[in-house]
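Let me begin by presenting the structure, written as structure tokens, before commenting on it.
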Amino acid sequence: MTYLILKNLHLTTIVITLTLFVLRGAWMMAESPRIHARWVRIVPHVNDSLLLASGIGLAVLIQQYPLVHGWLTAKFFALILYIVLGTIAIKRGRTRSQRIGAWIAALLVFGYIVAVALTHDPFPFLH
Ligand code: HEM
């Protein structure tokens, strides 16, 4: 029961984080002022905290942990990379092409994280 609630929360927040990241990327490319709207600066952080919390909850429930189990270690470091690339894409990137490059790279890393999660394997594309 707890597992299902956490898993659904995890999956829901994953869909929301991806949607918001794609949306903010589109606004970044269009140089739209919407990217600076108050809710746009708050909601992703609330959602991402829930995403992280549900991930940690699931890890505790299935008793597998980052830095202990390979696939969660890979997920953990890929998540850090995704966050760094995401802040370059949305905020820190100096030029437009730097931001777009970081945005595309972040989406690729996100795809890698999902593949690792589905296969429980740090090298999901070698199957
Ligand atoms: C961008 C961040 C993340 C993405 C895209 C993501 C993606 C996913 C997906 C798609 C699943 C479902 C796999 C399935 O249905 O079998 C999943 C499950 C899971 N995730 Fe994440 N996750 C993220 C962050 C995290 C974090 C930070 C942790 C823990 C520290 C974590 C731990 C787990 C665990 C333990 C499961 C359950 C696996 C199972 O029961 O088989 N995730 N994740």
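Every number for a ligand or one of its atoms is a count from 1 in the order of the listing. Only a predicted model underlies this, so the values are computations on that prediction, with no experimental measurement involved.
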Legend entry - Sub-4.5 Å side-chain heavy-atom contact between Phe77 and Leu67: yes
Legend entry - Side-chain donor/acceptor of Tyr65 to backbone N/O of Ile56, under 3.5 Å: no
Legend entry - Gln64 touching ligand 1 at heavy-atom level, < 4.0 angstrom: no
Inset, instruction - Specify side chain, backbone, both or neither for Leu72, according to which of its non-hydrogen atoms lie closer than 4.0 Å to ligand 1. - result: side chain
Inset, instruction - Between Trp71 and ligand 1, find which residue part has any heavy-atom pair under 4.0 Å and reply side chain, backbone, both or neither. - result: side chain
Legend entry - N/O/S from Ala117 sitting under 2.8 Å away from atom 21 (Fe) of ligand 1: no
Legend entry - Whether Phe110 lies under 4.0 Å from ligand 1, heavy atom: yes
Inset, instruction - Distance to 0.1 Å, residue and atom name: give those for the protein heavy atom nearest to atom 40 (O) of ligand 1. - result: Tyr3 OH, 2.5 Å
Legend entry - Cluster overlap Leu50 with Val40, hydrophobic side-chain contacts below 4.5 Å: no
Legend entry - Tyr82, any N or O under 3.5 Å of ligand 1 N or O: no
Legend entry - Donor-acceptor contact present, side-chain Arg96 to main-chain Met29, <3.5 Å: yes
Inset, instruction - Using atom types as modelled and distance alone, determine if a side-chain donor or acceptor of Thr17 lies under 3.5 Å from a backbone N or O of Thr13. - result: no
Legend entry - Region of Leu79 that comes within reach of ligand 1 [heavy atoms, distance under 4.0 Å]: side chain
Legend entry - atom 3 (C) of ligand 1 [closest protein heavy-atom partner, distance rounded to 0.1 Å]: Ile113 CG2, 3.6 Å
Legend entry - Atom indices of ligand 1, in the order listed, that fall short of 4.0 Å to a heavy atom of Lys7: 12 (C), 14 (C), 15 (O), 16 (O)
Inset, instruction - Verify, without hydrogens or angle tests, whether Trp103 (side chain) and Arg24 (backbone) share a donor-acceptor contact under 3.5 angstrom. - result: no
Inset, instruction - Starting from atom 6 (C) of ligand 1, locate the nearest protein heavy atom and write down its residue, its atom name and how far away it is, to 0.1 Å. - result: Ile14 CD1, 3.4 Å
Legend entry - Residue, atom name and distance, where the atom is the protein heavy atom closest to atom 35 (C) of ligand 1: Ala59 N, 3.3 Å
Inset, instruction - Quick one: look up the protein heavy atom nearest atom 20 (N) of ligand 1 and list residue, atom name and how far away it is. - result: Lys75 NZ, 2.5 Å
Inset, instruction - Could you check atom 37 (C) of ligand 1 against the protein and tell me its nearest heavy-atom contact, residue, atom and distance included? - result: Leu58 CD1, 3.9 Å
Legend entry - Identity and distance of the protein heavy atom lying nearest atom 28 (C) of ligand 1: Gly55 CA, 3.6 Å
Inset, instruction - May I ask you to list the atoms of ligand 1 that are less than 4.0 angstrom from any heavy atom of Leu52? - result: 27 (C)
Legend entry - Shortest protein contact, atom 41 (O) of ligand 1 (heavy atom only): His120 NE2, 2.9 Å
Legend entry - Proximity winner for atom 18 (C) of ligand 1, if only heavy atoms of Gln63, His69, His10 are counted: His10
